[in-house]
Amino acid sequence: MNLTLKVWRQKDAKSKGKLESYPVSGISEHASFLEMMDVLNEQLINEGKEPVAFDHDCREGICGMCSLYINGEAHGPDRGVTTCQLHMRMFKDGDTIYIEPFRSKAFPVLKDLIVDRGSFERIQQAGGFISVNTSGNTQDANSLPIAKPMADKAMDAATCIGCGACVATCKNSSAMLFVAAKVSQYSYLPQGQVERKERVLNMVDQMDKEGFGNCTNTGACEVECPKGISLEFIARMNKEYSSASVKAEN
Amino acid sequence: MSKGFSKSSVGRKVLMALSGFFLMFFLVQHLAINLISVFSADSFNAASEFMGTNPLVQFALQPVLFFGIIFHLAMGIYLELKNRAARPIKYAMNKPSENASWVSRNMVITGIMILLFVGLHMVHFFFPTINAHYITHEHLDAYEMVANKMANPVYFGIYILAFIFLALHLLHGFQSAFQSVGFNHNKYTPIIKKLSYLYAIAVPLGYAIVAVYHFTNACCSSASCSL
């Protein structure tokens, strides 16, 4: 396949970026999108140019590291996949492909296609955990029975890999699908009950401080999420938040 | 109650939904009175007289309604501005229609069109009624006022257009309000979505039928009309 790539190039966080055009040729339709990016970078290095910086790690669709807004969609035109699982057969020979970083005030661009998703880390630090004694006397897992439907729901929420596609695709740059998945995951489990109220209040508070937009229930996040996190969790978070707010003492 | 509720993204979303529910309830009540005008001019005048003079309606319900409208409008615009600021650099290539409906993405546009209509509607009916009841103390024939306004093809066209925008706004708003207050259920959410379509089409259609009735009435009674 021969393609024209329009790639966002930006020297560093402070510089102004712009789209640059690069032709690439001889791309296999069986190649993954990131392998195609590797071919582009080899080509750029051979030409003595700066390679394109982009995030990637496991390349198995489970780490949440890869990003990219490809031809107007987070993780590209395929559904239920991350960019590393996107294959070039989704494109046609001669296509022009726009490759941009995830855009949000809360995801500042660091270089080229790499954005700082530290805002997600700070939201997690605000409450996305349970406080347990890990000093060597951990309970046996079977001593705490959990109903299968609850365990399944918690697992569904826990499949969120925190890639940020929900923020990137949302017209409001809202992080509610991510935060909802993290809040819901613990709310279904007995271990999560102790800090249940503070968790949702603190995580939503941190989300708002980071500068994400507000959810308007368009549902775009659910469609673009590589892990298929459901909008149901956002409704659950809304309920958790309202309930925790009503019961809060200050 | 947490102090930060009304300042948080989730709290504001819940308040938008609650004010939306209230306005959707009001739309049904307003439509019920409008429909009376199709059946009986006298009954419509009596209903209008009641709504225009009853102290409970005038001094308790009406201020709540105004607060609801202004809150929903002001918060909607404020949130839209905040949401736009959350993405300072736009995408060079974006395909929003691939994952979200037009109505869900353009609530602010349909909302502003409804707002403009509400302004015109107040000039047409609300202010003359207030003027007659509290300032000039003249008798006002509400039915005649409606019939006169709807006889004007331009006003009639604007009203029909406004009802279309209302339907578009409600198509998303009805179901979205349930989601915002935290109601999402495997069994009931599909029913709510169907109810959303029913409400969003039936209510504006009801308003449109009343407008069409008065427009055709006026048209048929005028000499120049061939209907």
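Every chain is numbered from 1, with letters handed out A, B, ... down the list of sequences. Every value quoted in this text rests on a predicted model; they were computed, and no experiment measured them.
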Review point. At a heavy-atom separation under 4.5 Å, does P77(A) approach chain B through its side chain, its backbone, both, or neither?
Key: neither
Review point. Counting heavy-atom pairs under 4.5 Å to chain A, which of R12(B), K82(B), M93(B), H185(B) comes out on top?
Key: M93(B)
Review point. Considering heavy atoms only, which positions within residues 218-231 of chain A lie below 4.5 Å of chain B?
Key: T218(A), G219(A), A220(A), V223(A), E224(A), L231(A)
Point to revise | Reference residue V10(B); test side chain to side chain contact (heavy atoms under 4.5 Å, CB included); the match among N214(A), I234(A), V204(A), D208(A) | key: V204(A)
Check your understanding: Is the count of non-hydrogen atoms from other residues, nucleotides or ligands lying under 6.0 Å from K111(A) atom NZ greater than 12?
Key -> yes
Practice item. Might you work through the side-chain contact (heavy atoms from CB on, under 4.5 Å) test for R79(A) and E98(B), ending with a clear yes or no? Key: CA-CA 11 Å; R79(A) 292 283 173 263; E98(B) 288 290 326; 3.9 Å; yes
Review point. Between atom NZ of K171(A) and atom OG of S104(B), what is the distance when rounded to the nearest 0.5 Å?
Key: 8.0 Å
**Study point:** Residue, of G211(A), G17(A), A168(A), A235(A), that accumulates the most heavy atom pairs under 4.5 Å with chain B
**Key:** A235(A)
Study note, to complete from the structure: Paired with N217(A), the side chain to side chain donor-acceptor pair (under 3.5 Å) test is passed by just one of Q175(B), K13(B), H172(B), namely K13(B)
Point to revise | side-chain contact (heavy atoms from CB on, under 4.5 Å) assessment of F5(B) paired with Y241(A) | key: CA-CA 9 Å; F5(B) 183 78; Y241(A) 186 84; 3.7 Å; yes
Exercise for review: May I ask you to test the S9(B)-M176(A) pair for a side-chain heavy-atom distance under 4.5 Å?
Suggested key: yes
Exercise for review: Might you work through the side-chain contact (heavy atoms from CB on, under 4.5 Å) test for N94(B) and Y69(A), ending with a clear yes or no?
Suggested key: CA-CA 9 Å; N94(B) 199 11; Y69(A) 210 72; 2.6 Å; yes
Revision key, fill the gap. On a heavy-atom basis, the closest approach of G213(A) and A86(B) is N-CB, 3.6 Å
Check your understanding: Looking at C215(A), S243(A), A106(A), S174(A), which makes the most heavy-atom pairs under 4.5 Å with chain B?
Key -> C215(A)
Review point. So does E100(A) pair up with K90(B), basic N to acidic O under 4.0 Å?
Key: no
Exercise for review: Answer yes if the side chains of S173(A) and N83(B) hold a donor-acceptor pair under 3.5 Å, and no otherwise.
Suggested key: no
Check your understanding: Any side-chain heavy atom of E232(A) within less than 4.5 Å of one from N186(B)?
Key -> yes
Check your understanding: Can you tell me if CZ on R84(B) sees more than 12 non-hydrogen neighbours from other groups inside 6.0 Å?
Key -> no
Review point. Under the 3.5 angstrom rule, does the side chain of R87(B) hit a backbone N or O of R103(A) as a donor-acceptor pair?
Key: yes
Practice item. Heavy-atom distances under 4.5 Å only: say whether Y98(A) touches chain B with side chain, backbone, both or neither. Key: side chain
Check your understanding: How would you list, by chain and number, every residue that makes a ring-ring contact (aromatic ring centres under 6.0 Å, His included) with F215(B), sequence neighbours excluded?
Key -> F156(B)
Practice item. Identify the two heavy atoms, one from S104(A) and one from P88(B), that lie closest to each other, and give their separation to 0.1 Å. Key: C-CD, 4.5 Å
Exercise for review: Check the surroundings of atom CZ in F25(B): do more than 12 heavy atoms from other residues, nucleotides or ligands lie under 6.0 Å from it?
Suggested key: no
Practice item. Inspect the surroundings of CZ in F126(B) and state if more than 12 heavy atoms from other residues, nucleotides or ligands are less than 6.0 Å away. Key: yes
Review point. Can you say whether A244(A) sits under 4.5 Å from chain B via the side chain, the backbone, both, or neither, judging by heavy atoms?
Key: neither
Review point. Rounded to the nearest 0.5 Å, how far apart are CZ of F102(A) and OH of Y91(B)?
Key: 7.0 Å
